[in-house]
Structure formats: structure tokens, C-alpha cells
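The sequence lines fix the lettering, A, B, ..., with proteins before strands; numbering per chain opens at 1.
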Amino acid sequence: MRAISLNKNYQFQRLYRKKAVGVSPVLVTYAAKNRLGIHRVGITTTKKIGKAHQRNRARRIIREAWRLTEHRVQPGYDFVFVARGRTTLCSMQEVHRAMQKHLAPYFIKP
RNA sequence: CGAGUAAGCUGAACAACGGCGGGCGCAGUGCCGCAAGGCCGCGUCUGAGGAAAGUCCGGGCUUCAUAGGGCAGGAUAGCUGCUAACGGCAGCCGAAGGCGACUUUAGGGAAAGUGCAACAGAGAUAUACCGCCGGCCUUAGGCCGGUAAGGGUGGAAAGGCGAGGUAAGAGCUCACCGGCACGGCGGCGACGCCGUGGCCCUGCAAACCCUAUCUGAAGCAACACCUCAUAAGGGGGCAUUAUGCGGCUGCCCGCCGCGUCCCCGGGUUGGUGGCAGGAGCGCAACUGGCAACAGGGCGCCAAGAUAGAUCGUUGUUCUCGACAGAACCCGGCUUACAGGCUUAGUCGCAUU
RNA sequence: GGAGAAGUACUCAAGUUGGUGACGAGGCGCCCCUGCUAAGGGCGUAGGUCGGGUAACCGGCGCGAGGGUUCGAGUCCCUCCUUCUCCG
């Protein structure tokens, strides 16, 4: 299934006000419950990371990691992933591992 | 073989599985909707660059009056051509550099006018400090006059250099060179060559300026349409129907509209078009032209997103992969860039 | 995506018909005042880098970076870099 993406600034601000649920050198994750019963995901790549090419690279890596993780996460939450400087240099597996760690409390219980 | 010059091309490839944007088709008639239609599924085609970048120029397109008049402002600056246009490109001219192939060049006007040239120096657009020469007074020396050859200062000192000439000197005279003016010849032209003349004219216009040419402004967050709205209310300033205010435009004219501006308050920040068949791309042994380019022929349609699509894993190969991501579209310029390839000249050495 | 503005020492900053040696303030160092500190007062360094000198000191380069015009650029022109602001 396709995830609805967050695009409005106030939607991002709602998550930024909370504490990050996971922090690592390659990824920062924010999470909040919504009442829609579906996933909504936003990706932030700031200008600090680099030019357009580096930011596109970081977005693709994060999006691929989310694609492999999505089926294990309980629906009904908003997530925001923030790329950091090292995200453009590392491999997808590193980001994938960091994301699994950050989202472990939200996994579907067996 | 070595060194060096110029121009151009390219910008890792392949396979499997999974994933993403767009177009087209099919299907269940599964879900939503009154409907148009949308979502889900399958198949198929297609999917970033030479700079997509910087936003430095030019144009298309759109709105503002139908884009109008004048001033101010801005831009360009050898000539001829090319182009939709340009500050771009091509060829040529002049100047500078290089043994050479070749490269670089904002390169109009300083006798239209104004301004600036600090410090140093006697003097900076006009000059006599030292010196040289002559005359007078005459002890050293002083005074008057002539002189720009020599010294010194400076980025720049009154064309350069040699000879004649002179009291000493000086384009004062002469030869050559340089600059200027006039005439002739060649060239579409910039300009070049030749002849004659006299020697009054420093530099800076990327200082003001003059001359010639061009120039209305804003920009796809433009703009058009649909929907919801921009409300109601409160406070304050200006104005009292135009000699006012707002818009087109920095100012004046002209035109259009009419109460207007600020704060509080509360609300909206959705959708569709614009949007990709265009000054389009590719090919060649076509025609004209030195070339830029123009004309014709054949073939092709090739991203169109809207938080923004090209990726992940595995395997193989090589030269081990740089700079880097379309956002309305084109033509240039500039800047960044691992490597690889091609073509055409030049110089040196060796051999024939 | 588009339209603009700025950059001068550690910080805030002045610098116009282009002219010597780049004002100033905070800061910093030393001294005085105090039992000690803060505040206050006085003096000083100007800061960086390269070269020379035992030292005092002298010279060159430096105004975001690189070129150009000029005898001479913080200033004028061109190209880049960085930061900030605005855009129903």
C-alpha cells in the first residue's frame, strides 16, 4: 500500500514539538499517533546535508528503508524522518538498521 | 619519439528479483461517488544534464490601456556579416605576446566642455633648482638676460635618434623613425600603401560627459477558470467629491478606477489549465557560403512531477566511475568536472 | 522556482568627485584604587601572515576570493563564494 505523505509545515511542527523517538548518526525519527488508521510519512532533508543531488540521495535511501519496514509497523501513526550529514555517505542497510531500532515499539505484536 | 597549440565527442556496461513517476490499453464490475469520475489490479511503452548549476544577458509567452508621448535612468562600443534576438557567434582590421602552430584584446571620442593627477619635484600644462652661455658690478660672489642639450624628482617633463648649426642651445635646418593634417590608390568597411606639408596639441572617459544604436514594467508564486474566501465588528490617521487618493511608471503628460491607508479581530491558504510538437531532435558523400549560418531531403516524437518520480539487493566485466538532479520553454555566456577517444596544424631530435 | 540586500581585526562597525600610515568602540594585556572581587580610572597593544634583525624595529602582502582599468583601488568594472530577507 502507498503511504500518504505529509507536506504541510504545521504537520511537521506537530511532530517536532515532541521528543524524537530515535536518534542515530544517520537518522532522526519522530512519531505521533493519528486517528486515520493509516501511515503518514514525511522526510526532511535540510540544506545542511548538501546540494540537490545529495538531498535526493538521502531521500531515496530513507524511502527504500521505509518500504522494507512498513509492513511490520502498526497503522495509525505519523512518522517524520530527518536525514543527517552522514546519510548521503552510508549504505541503505545502515539506515534500515537504525530505522528498525527506532520503530521497534511501534511494531505489530505477534 | 618528445614538447606544445586548437577544435570536437563521450560522461561505465549487462542480467535477475523487488520498488517509484507519467502515457496508453484491458479487466473485475471489487471499493467510494447522485453523476462525471476516482482508487485498487494486470499488461505494455517511457522516464534528468553537459553543465539540469550560477541567474549574467537575449527572446518567446502572460498581465498591466490598445503599450501611448516626453524626460530621467540603464545597456552596448573596431568593421562586415549571421541570428527571432543578444552584451552571443563567425570572418576580417588594429594592438600586445609567442621561434612557431596560435593565443589574448570593454578596441568610439581627450583641438565640444568640465574635472582629477596625492607624495616627490624648481615646474604637472605650465616651469629656470643645479648646470651651460653672454653682459654688468667685480674679492669670494652677486644681479640681469638667453637656453630645455645634461643632472635630479616622478607613472608621466614638451616627439625619438644622429648630423649640421650656435656665445650656449633649440625642428632652428636636414636624413630616418613615430604621431597629426591633406591628397591619391586599393578595399562594402574597419583599415592599409604611397606622396606632400608644417611640427601647436601628457595621461585618465571600467570620472562626469559627447556621439551612435538599443531600451515601458513585471514575472509561471506571471496569468486564466472553478470552489471556499478576502467577512461582520472595533480603534486610529488622511481626505471631504477633486488642485485628492490608488494603479499603469522613477518623474511629467495621458488613460483607468474611487473614498483610502494602518492596527486589532477572525478566516483562507484547495483544484484544473498554463505544461511541452518546439526558433524540436537525429542522419548524410545535398545546394549556397572561407565560416557562423541559410535552404532543401529522409527519419523520429523522446520526462512533465507538485514535498516533488531513475532506487535497493545480488552477480559479472572494465579504464574502478568526476562534477552533479528538469520545475514554463528556448538561444548563449560564466562556473564545477575522474578519466577516455578523435581530428587538424606547429617546433625540436633521429632515420630515409 | 523567482526577486533583492549585504560581506572591513575576536565582536559591533565608520570609511565619496580613487591619494599618504585603513577612524572608533567593546574586548584583550599591564598598573592604580580595595582586605579580596566587581565597577571605575590610567597606560598600552593594535590584530594575521611572510622575509630580515640579538633586540628595539624595518619591509612586503592583506577590506569574502580571483582577475581587470589606473601611476595608484576598501572605493570603479567583470566573474565566482558565503550569509540574510521577500514573493495568493
Side-chain angles (χ1 to χ4, degrees):
Chain A
M1 70 171 278
R2 280 253 298 132
I4 308 288
S5 54
L6 301 170
N7 56 0
K8 294 296 181 289
N9 191 38
Y10 66 86
Q11 295 174 326
F12 280 82
Q13 292 301 325
R14 188 171 79 91
L15 272 76
Y16 287 151
R17 273 198 290 273
K18 300 175 159 259
K19 199 175 167 173
V21 301
V23 177
S24 74
V26 297
L27 188 72
V28 178
T29 306
Y30 294 87
K33 200 171 203 167
N34 65 33
R35 299 192 209 86
L36 303 173
I38 55 172
H39 294 130
R40 292 195 303 178
V41 174
I43 300 171
T44 297
T45 53
T46 64
K47 222 193 278 184
K48 258 190 290 185
I49 290 174
K51 299 193 176 183
H53 182 246
Q54 273 93 29
R55 280 181 274 153
N56 278 344
R57 171 82 191 155
R59 266 204 299 276
R60 283 174 190 141
I61 289 173
I62 293 172
R63 202 158 39 219
E64 179 67 15
W66 169 251
R67 193 177 69 81
L68 299 173
T69 312
E70 186 179 14
H71 65 279
R72 300 181 58 187
V73 179
Q74 288 183 1
Y77 285 92
D78 289 346
F79 297 103
V80 165
F81 302 106
V82 179
R84 309 188 77 175
R86 283 192 48 197
T87 311
T88 58
L89 304 170
C90 68
S91 67
M92 194 277 289
Q93 286 95 335
E94 282 185 60
V95 179
H96 186 45
R97 235 176 285 125
M99 190 180 286
Q100 299 254 327
K101 223 167 104 184
H102 295 176
L103 298 183
Y106 302 95
F107 282 175
I108 298 168
K109 310 289 188 292

Which glycosidic conformation, syn or anti, is assigned to [N] if syn requires a torsion within 90° of zero?
N      : result
B:A13  : anti
B:G274 : anti
B:G146 : anti
B:G345 : syn

Quick one, which residues of residues 56-65 of chain A touch RNA chain B with a heavy atom under 4.0 Å?
A:Asn56, A:Arg57, A:Arg59, A:Arg60, A:Arg63, A:Glu64

In the single-linkage hydrophobic clustering (I, L, V, M, F, W, Y; side-chain heavy atoms under 4.5 Å), do A:Leu68 and A:Ile43 co-cluster?
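The answer is yes; both residues are in one hydrophobic cluster.
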
Counting only Watson-Crick pairs (N1-N3 plus N6-O4 or O6-N4) and G-U wobbles (N1-O2, O6-N3), all under 3.5 Å, who is the partner of [N]?
N      : result
B:G244 : B:C258
C:C80  : C:G64
B:U202 : B:A117
B:G219 : B:C61
B:C79  : B:G91
B:G164 : B:C172
B:A35  : none
B:G18  : B:C311

What's the spacing between [X] [atom1] and [Y] [atom2] if we round to 0.5 Å?
X       : Y        : atom1 : atom2 : answer
A:Arg57 : A:Ile49  : CZ    : CD1   : 12.5 Å
A:Leu27 : A:His102 : CG    : NE2   : 6.0 Å
A:Thr87 : A:Phe81  : OG1   : CZ    : 12.0 Å
A:Met99 : A:Met92  : CE    : CE    : 9.5 Å

Would you call the rings of A:Tyr106 and A:Tyr77 parallel, tilted or perpendicular if under 30° counts as parallel and over 60° as perpendicular?
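A:Tyr106 vs A:Tyr77 ring planes: perpendicular.
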
Pairwise [atom1] distance, [M] and [N] [rounded to whole Å]:
N      : M      : atom1 : answer
B:G98  : B:U105 : C1'   : 16 Å
B:U5   : B:C347 : P     : 15 Å
C:U69  : B:A206 : P     : 13 Å
B:A51  : C:U82  : C1'   : 22 Å
B:G28  : B:C275 : C1'   : 34 Å
B:U269 : B:U227 : C1'   : 13 Å
B:U346 : B:A101 : C1'   : 4 Å
B:G22  : B:A276 : P     : 14 Å

Spacing of [X] atom [atom1] relative to [N] atom [atom2], expressed in whole Å:
X       : N      : atom1 : atom2 : value
A:Arg67 : B:C20  : CZ    : P     : 7 Å
A:His71 : B:G19  : NE2   : P     : 13 Å
A:Trp66 : B:A309 : CH2   : P     : 18 Å
A:Glu94 : B:U313 : CD    : P     : 11 Å
A:Leu68 : B:C20  : CG    : C1'   : 13 Å
A:His53 : B:A51  : NE2   : P     : 18 Å

Using the closest heavy atom to pick a nucleotide of RNA chain B for each, name whichever of A:Ala52 or A:Met92 lands nearer the 5' end.
A:Met92

Considering heavy-atom distances to RNA chain B, does A:Ser91 or A:Lys51 have its closest nucleotide positioned more toward the 5' end?
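The 5'-side residue here is A:Ser91.
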
Using a heavy-atom cut-off of under 4.0 Å over every strand shown, decide if A:Gln93 touches base, sugar-phosphate, or nothing.
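The residue A:Gln93 makes sugar-phosphate contact but no base contact.
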
Tell me every residue that passes side-chain hydrogen bond (donor to acceptor under 3.5 Å, both in side chains) with A:Arg60, counting only those two or more places apart in sequence or in another chain.
none

Go through the structure and list residues passing salt bridge (Lys or Arg N to Asp or Glu O under 4.0 Å) with A:Arg72, not counting sequence neighbours.
none

Is any side-chain N of the basic residue among A:Arg67 and A:Glu64 closer than 4.0 Å to the acidic one's carboxylate O?
yes

